[in-house]
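Step one of this worksheet: look at the structure below.
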Amino acid sequence: MGTRQLELFVKERCRSGSVTMKEALQFFDHLLAANNPTPGIYYFNLIFTALTRMKNSNNHYATVCSLFNRLTLIKGGSPSPNVCTYAILIDYCTRINRLQHGMIFFGRFIKAGQIANANAFIFNPLLKGLCSENKIGDALAMVLQKMSKFGCPPNVISYSTVIDGLCKKDAVNRAFNLLEHMLSEGLVPNVFTYSSLINGLCMKGEIKRAKEVLQQMSSRGHQPDVVTYNTLINGLCKKGETAEAEKLLCYVVSRGLKPNVMTYTSLVDGFCKKGLFNKAVEMLQCMVSKGLKPNVVTYNVVMNALCKKGEIEKAEELLYDMIFSGIDPDIYSYSTLMHGLCKLSKLEKVKKLLNEMISKGKLPNTVIYSIIMDTFCKEEEVDSAEQLLYHMLAKGVTPHLIMYNTVINGYSKLGCWKDVLRIFKDMIDRGFQPNVVTYGSMMYSMCKQGQTKEAEKLLDLMVKGGIKPNNVSYRILLLGHATDGTLDDVMSILDRMQADHIAAPDYKTYTSLIKALAKNKRVNEAICVLKRMKQEGVKPDLATWSPIPELLLEMGRVDDARDLMDKMTSDETND
């Protein structure tokens with residue numbers, strides 16, 4: 001095959017959109033080997049474009065780099081990469097989230113001595129990549145200074161890209177400043193520019209200003225498209241202005257534009273959030289009557305609304321309607337329904353859905369794992385929560401410390417001390433550092449087993465580890481000592497709390513301590529705790545102090561009982 005025939009064949013196959021990786025590599029080899037005449041760089045660029053636009057092109061980075069290096073390393077006989085080559089590769093890098101590699105290609109472009117040929121197509125992908133990585137300052141510097149320095153003034157796309165980045169960063173006012181600069185350069189904003197500004201204003205809830213921009217856009221000869229109107233409709237719905245959003249929908253239709261799935265989904269969501277469920281269903285039906293098929297987002301919106309209303313069975317039906325319609329539920333679909341089921345403690349259905357979700361290769365995120373584990377523990381199915389924790393680890397999902405705490409707390413409440421220690425040890429072995437909640441759960445379990453002295457040692461261990469005990473930590477020990485009858489330690493714990501500047505125990509804790517002391521005939525300590533309670537500003541009531549005069553009367557100290565009752569009654573009257 002001659003060079004010209006080869007070029008035509010490469011052009012036809014690469015533009016077809018169906019070229020395979022194997023074909024592309026063969027074409028590249030044939031082009032490099034061809035001579036008399038040598039193929040132009042245009043045909044190599046077609047191959048690079050095809051490779052970087054293939055499905056799963058993010059996996060082709062090493063191949064693309066290898067081919068580029070082959071092109072640049074062969075001495076003579078092969079064409080040199082041109083500005084278009086570099087633009088294709090820089091755009092590819094930014095699309096697959098490899099901005100740094102895109103910058104490297106830009107550096108090679110300069111090193112190759114081609115900066116004089118630079119155009120906005122080289123810079124615009126870099127601007128988009130910088131904005132995607134929230135490097136807005138760098139993007140602004142590039143569009144306002146560096147591009148002109150390289151003899152390549154920014155174009156409308158350059159400015160619009162950075163304006164969009166600023167709006168998504170909630171820097172709308174800076175976006176408008178950049179718009180003014182763009183206008184001063186004689187450049188005319190396009191639909192994307194205005195749509196970005198409208199979206200930014202809607203995100204901030206500034207609907208009035210968004211409408212003004214829409215009018216300004218029309219007055220300058222740019223007709224808004226469905227995407228622009230969708231942005232404003234969505235903004236109105238999020239602000240609760242669903243009636244206004246519905247009017248705008250009617251206006252869009254009257255203009256001959258065709259609303260899409262996103263248009264109706266925004267309205268369905270808006271009506272659901274306002275509790276206008278009948279209107280949401282009406283909008284859904286209208287959408288279907290227009291020949292538009294609801295997508296997974298639409299279904300999720302309605303399912304979420306049903307779950308919030310407690311209509312879980314309808315939400316379940318909707319999930320299976322979705323599957324029957326050929327729409328694959330996503331993680332949010334399952335998570336929404338499982339969250340609703342957890343609220344109603346329907347654990348068997350939660351387990352069924354969880355298994356179904358995992359069997360489809362969809363792993364819950366850490367939030368839904370936490371919710372399910374917490375529900376299992378509250379329903380005393382702690383072993384199921386533990387199984388879920390280790391399932392996460394087996395699937396490579398890193399749990400939060402709070403998940404370990406949930407399981408430890410669950411076993412603690414059941415008094416399963418061996419299980420508490422086992423989970424605690426495993427947590428440490430896996431590199432998780434316990435916090436005040438972890439220790440609190442373990443101390444609670446110890447106290448429940450009548451091992452308050454051991455729990456106090458755990459408090460000391462916590463302090464040595466640099467973790468400051470809180471009010472709850474001390475309350476657990478106080479109530480533990482009260483339950484165990486080791487009342488000599490109560491006063492020392494109260495003194496320690498005061499020395500460590502820990503907030504005083506609450507009313508319930510003080511009342512429990514006084515009752516325990518009175519029950520064990522420790523009247524002087526009970527009176528002392530009552531005094532401390534008042535000093536700390538915690539107001540006692542009859543239920544708190546009544547056990548003390550009862551004990552005094554039992555001990556024959558009638559005058560002391562009368563004095564205490566008079567004093568407490570007087571204090572209550574003064575209050």
What are the two closest heavy atoms between Leu267 and Ala245, and how far apart are they? CD2-CB, 3.7 Å

Met565, CE atom: more than 12 neighbouring heavy atoms under 6.0 Å: no

Is the shortest heavy-atom distance from the side chain of Asn300 to the side chain of Thr336 under 4.5 Å? no

For atom NZ of Lys351, decide whether the heavy atoms of other residues, nucleotides or ligands shown that lie under 6.0 angstrom number more than 12. yes

Thr406-Asp374 side chain donor-acceptor pair, cut-off 3.5 Å: no

Side chain to side chain donor-acceptor pair (under 3.5 Å) partners of residues 314-324, not counting sequence neighbours, each pair once: Glu311-Lys314, Glu316-Lys349, Tyr320-Glu356

Answer yes if the ring centres of His101 and Tyr61 are under 6.0 angstrom apart, and no otherwise. yes

Can you see whether Tyr444 has Lys413 sitting over its ring - NZ or CZ less than 6.0 Å from the centre and within 45° of the normal? no

CE/Met338 to CD1/Ile331 distance, rounded to the nearest 0.5 angstrom? 9.5 Å

Would you give the length of the straight line joining atom CD1 of Ile493 to atom OG1 of Thr452, rounded to the nearest 0.5 angstrom? 9.5 Å

Please determine whether salt bridge (charged side-chain N to carboxylate O under 4.0 Å, His left out) holds for the pair Lys457 and Glu454, giving the CA-CA distance in whole Å, both sets of side-chain angles, and the decisive distance to 0.1 Å. CA-CA 5 Å; Lys457 289 178 184 177; Glu454 293 300 314; 3.3 Å; yes

Please confirm whether the ring centroid of Tyr404 lies under 6.0 Å from the ring centroid of Phe432. yes

Using 0.5 Å steps for rounding, measure from the NZ atom of Lys567 to the CG atom of Leu530. 9.0 Å

Quick one: do the Tyr411 and Glu386 side chains pair a donor with an acceptor below 3.5 Å? yes

Does atom NZ of Lys362 have more than 12 heavy-atom neighbours, drawn from other residues, nucleotides or ligands, at distances under 6.0 Å? yes

Quick check for you: to the nearest 0.5 Å, what is the distance between Arg522 atom CZ and Cys528 atom SG? 11.5 Å

Could you give me the CA-CA distance, side-chain angles and deciding distance for Asp426 and Arg422, then say whether salt bridge (charged side-chain N to carboxylate O under 4.0 Å, His left out) is met? CA-CA 6 Å; Asp426 182 72; Arg422 179 173 52 78; over 6 Å; no

Does CD in Glu380 sit with more than 12 non-hydrogen atoms of other residues, nucleotides or ligands closer than 6.0 Å? no

Report the residues that fulfil side-chain contact (heavy atoms from CB on, under 4.5 Å) with Arg475, sequence neighbours left out, ordered by chain and then residue number. Val472, Leu479, Asp506, Thr509

Just how far is it from atom CD1 of Ile163 to atom OG of Ser195, taken to the nearest 0.5 Å? 12.0 Å

How many angstroms lie between atom CE of Met462 and atom OG1 of Thr438, to the nearest 0.5 angstrom? 9.0 Å

